[in-house]
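Everything below concerns the one structure shown next.
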Amino acid sequence: MAGQRQASDGRLSATRTTMNRPAYRAMRLVPYLSVDGLPFALSPEQLHVRFGPPRRQARTSVGLNEHDYGDRVFRFQDSGRLEEVTQRAPVAVLRETVVPFAALAAFVRSHDGEAFERAGFLVSPRYGLAFVPASPDWVTALAAHCILTWRALK
């Protein structure tokens with residue numbers, strides 16, 4: 001099976017992907033503070049020290065510097081300020097609440113009265129995330145200052 005291997009005892013376990021992480025594990029988000037323990041104060045230099053060089057670096061159409069590690073993408077302003085982190089997240093852990101991706105849209109709509117839709121994304125100011133409910137399980141964790149930019153999109 002892709003993404004899995006069979007251990008000597010016959011159990012299936014996730015294979016490792018980039019950054020020495022299990023493939024597609026839960027995203028642990030403390031809104032606006034950290035993603036999987038990585039603080040939003042993280043600089044590109046600190047990112048590279050921690051995980052090595054990215055597979056790919058590019059400039060996005062909205063002027064952000066993208067550092068693509070395959071299963072996780074970090075986007076920074078020119079100043080080095082982290083804007084967002086996008087990763088595969090079949091499960092999101094929002095503070096202490098575990099939410100499978102398939103239930104994430106309903107959860108956000110029922111728990112975040114400020115949630116809104118832009119460009120096909122459901123954006124949650126309460127939880128600091130954006131995602132496309134009808135797409136595979138990619139979730140973007142947002143820095144606090146990004147919400148106004150998302151609101152301004154037409």
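Residue numbers start at 1 and run along the sequence shown. Note that the coordinates shown come from a computational prediction; the quantities given were computed from them, not determined experimentally.
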Practice task
For residues T97 and H111, determine if any side-chain heavy atom of one lies less than 4.5 Å from a side-chain heavy atom of the other.
Solution key: no
Practice task
Output the distance between atom CG (L42) and atom CZ (R81), rounded to the nearest 0.5 Å.
Solution key: 14.0 Å
Problem - Cationic N near anionic O, under 4.0 Å, D78 to R59 - result: yes
Problem - Electrostatic pair R88:D137 at N-O distance under 4.0 angstrom - result: yes
Exercise for the section: Answer yes or no: is there a side-chain heavy-atom contact under 4.5 Å between H48 and P54? Expected result: yes
Problem - Nonpolar side-chain network containing Y32, other nodes, edges under 4.5 Å - result: F116, F121, V123, V132, L142, I147, W150, L153
Exercise for the section: Hey, can you tell me if F107 and Y127 have their rings parallel, tilted or perpendicular (30° and 60° cut-offs)? Expected result: tilted
Problem - Shortest non-hydrogen contact from R126 toward D112 - result: N-OD2, 2.9 Å
Problem - Pairwise side-chain contact, L94 with L104, heavy-atom cut-off 4.5 Å (strictly under) - result: yes
Practice task
Measure the spacing between NE2 of H67 and CZ of R75 and express it to the nearest 0.5 Å.
Solution key: 11.0 Å
Problem - Min side-chain heavy-atom separation R50-L38 under 4.5 Å - result: yes
Practice task
Give, for atom OG1 of T140 and atom CD of E83, the distance between the pair rounded to the nearest 0.5 Å.
Solution key: 12.0 Å
Fill in the blank from the handout: Members sharing V30's hydrophobic cluster, built from side-chain contacts under 4.5 Å between Ile, Leu, Val, Met, Phe, Trp and Tyr, are L33
Exercise for the section: Would you kindly confirm whether F101 and V73 end up in one hydrophobic cluster when ILVMFWY residues are joined by side chain heavy atoms under 4.5 Å apart? Expected result: no
Handout entry: N65 side chain reached by Q57 side chain, heavy atoms, under 4.5 Å
Key = no
